[in-house]
Amino acid sequence: MDKLEIKCAGPLDGRVTISGAKNAALPILAGSLLSDSPVVLANVPHLNDVTTTVKLLRRLGAEVTVHDGMELEVNPSTINDFNAPYELVKTMRASVLVLGPLLARYGRADVSLPGGCAIGARPVDLHVAGFKSLGADIRIEDGYIRARCGQLSGARIILDTVTVTGTENLMMAAVLAKGETRIENAAREPEVADLANFLNGLGARISGAGTATIVVQGVERLSGGRYRVLPDRIEAGTYLVAAAISRGRVRVTGVVPTHLDAVLAKLAEAGARITQGVDWVEADMRGRRPKAVDLTTSPYPGFPTDMQAQFCALNAVAEGAGSITEQVFENRLMHAVELQRMGADLRIRGNTVLSHGVEQLTGAPVMATDLRASASLVLAGLVAQGTTHVERIYHIDRGYECIEEKLGLLGASIRRIPG
Ligand code: UD1
């Protein structure tokens with residue numbers, strides 16, 4: 001298995017162009033199944049999770065073509081299979097996003113249950129309950145969610161917990177349902193709004209996406225169209241933390257700065273000078289040691305759980321004591337144990353990581369346990385004395401496009417060692 005070798009190389013400095021958002025591209029690819037003619041998508045990142053989704057769409061019978069390596073065309077008119085098997089779902093939970101579109105358009109879907117994963121139980125009970133409210137008959141059999149329906153009917157759905165893919169799945173199902181659906185306590189993430197914008201461009205009638213109440217007026221069909229996926233706020237945030245942790249300066253370009261508000265507030269608290277324009281943000285920490293921050297993760301617009309691990313790495317070398325509490329997922333603090341192996345003074349108390357920043361981490365072989373955990377280990381490696389090897393980097397390839405090239409351009413010493 002490939003690993004990344006990282007050596008301490010001083011402050012990062014430069015600009016990095018941010019890719020399309022993984023968490024928008026995946027539901028949009030799934031949402032293209034709702035249409036009856038081809039959909040062309042721009043700014044889709046080259047990531048393993050995208051490859052897995054394309055594999056899944058092809059397996060369902062869709063034709064997926066890559067144009068000039070830049071745009072993906074999905075032709076869903078050839079769909080002839082309704083089964084998302086365990087081999088694909090186990091590598092990527094977001095495969096469950098095909099359930100809503102298949103059910104709404106074809107009246108049937110068999111999607112393997114994702115099972116446990118490195119960051120907790122992550123159930124899909126709210127997706128299932130929502131589909132039932134829309135009139136689907138759902139059985140759990142042989143490890144599969146087996147869903148059947150005639151035409152779905154609009155309903156009022158109040159989500160018990162804010163769920164991003166749950167909101168997206170139900171919103172997609174509601175697009176072709178008869179009548180009005182209201183989704184309350186909906187996730188407000190920008191990626192939910194991006195999916196709604198995409199679907200509206202194909203003829204859907206969704207309002208309120210990006211707020212806690214989404215209203216969908218069902219339509220008979222969606223046609224084809226083109227769409228550009230929004231930029232990845234988590235990738236952008238990760239490179240800004242790279243600036244802060246290395247006491248350097250990084251400008252991320254091609255971003256939507258307001259999507260980064262919660263992250264920028266914490267970077268400013270850590271002492272970074274933040275400047276921004278219409279589509280760029282710069283963090284400047286030159287000549288200063290970052291200060292530790294306290295934060296708690298919560299759904300958007302709160303501090304994103306997908307940036308928590310990166311801030312743990314920052315706190316590990318920051319001045320003073322910090323506290324990071326993970327509220328969205330259980331068991332998402334595995335990176336703290338690996339950071340301890342690099343000399344970090346961290347204590348895990350329940351779902352909180354308490355830190356006393358050290359002057360210097362030391363390089364070590366470390367193991368990535370999930371996508372964002374691996375990003376935090378790479379960040380720590382940038383400033384650790386000596387050499388750090390981050391193993392199991394297939395996690396990082398799921399969510400960061402060309403990470404070694406992008407960090408390399410900023411001055412990092414990082415290379416992939418094929419294994
Ligand atoms: C999405 C993101 C992921 C991010 C997460 C939280 C994608 C592809 N992935 O994951 O990167 O970390 O949002 O911002 O967009 N829950 C239930 N029942 C359900 C569904 C969820 O109890 O049916 C719980 C989960 O266990 C978790 C919480 O709700 O504790 C939030 O999970 P959710 O928002 O669903 O995460 P994902 O959509 O899987």
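For this chain, numbers begin at 1 and follow the sequence in order. Each ligand, and each atom within it, is numbered from 1 in the order the structure gives.
Ligand 1 has a nitrogen or oxygen under 3.5 angstrom from a nitrogen or oxygen of Arg93. Residue contacts with ligand 1: Leu26 is placed with no nitrogen or oxygen under 3.5 Å of a nitrogen or oxygen of the ligand (distance criterion only). For Thr161, no nitrogen or oxygen atom sits less than 3.5 Å from a nitrogen or oxygen atom of ligand 1, counting backbone and side chain alike. For Lys22, no nitrogen or oxygen atom sits less than 3.5 Å from a nitrogen or oxygen atom of ligand 1, counting backbone and side chain alike.
At least one donor-acceptor pair under 3.5 Å links the side chain of Glu326 to the backbone N or O of Phe329. Panel note: side chain Asn43, backbone Val229; a donor-acceptor pair is recorded below 3.5 Å.
Considering each of Thr165, Thr305, Leu126, the one bringing a non-hydrogen atom nearest atom 23 (O) of ligand 1 is Leu126. The heavy atom nearest to atom 35 (O) of ligand 1, out of those in Leu195, Asn23, Thr163, Ile234, is found in Thr163.
Checked by atom type, the side-chain pair Ser19/Lys406 shows a donor-acceptor distance below 3.5 Å. Inspection of the Thr305 and Arg332 side chains reveals an N or O donor paired with an N or O acceptor under 3.5 Å.
Of all the atoms in ligand 1, the ones that sit under 4.0 Å from a non-hydrogen atom of Val124 are 19 (C), 23 (O). Every atom of ligand 1 with a heavy atom of Val328 under 4.0 Å away is listed here by number and element: 27 (C), 28 (C), 30 (O), 31 (C).
Between Leu371 and ligand 1 there is no heavy-atom distance shorter than 4.0 Å. At least one heavy atom of Arg332 lies less than 4.0 angstrom from ligand 1. Distances from ligand 1 to the non-hydrogen atoms of His127 include at least one value under 4.0 Å. Heavy-atom distances between Gly166 and ligand 1 stay at or above 4.0 Å for every pair.
The CZ atom of Arg415 sits 4.5 Å away from the CD atom of Glu5 when rounded to the nearest 0.5 Å. How far CZ of Arg105 is from OG of Ser35: 7.5 Å, rounded to the nearest 0.5 Å.
Looking at Val162 against ligand 1, only its backbone comes within 4.0 Å, counting heavy atoms. Of the heavy atoms in Asp306, only side-chain atoms (C-beta onward) come closer than 4.0 Å to ligand 1.
The minimum heavy-atom distance between Glu73 and Pro38, with the atom names listed, is OE2-CB, 3.5 Å.
Ring pair Phe303/Phe311: centre-to-centre distance below 6.0 Å.
With a 6.0 Å radius and a threshold of 12 heavy atoms from other residues, nucleotides or ligands, Arg156 has its CZ atom at or below the threshold.
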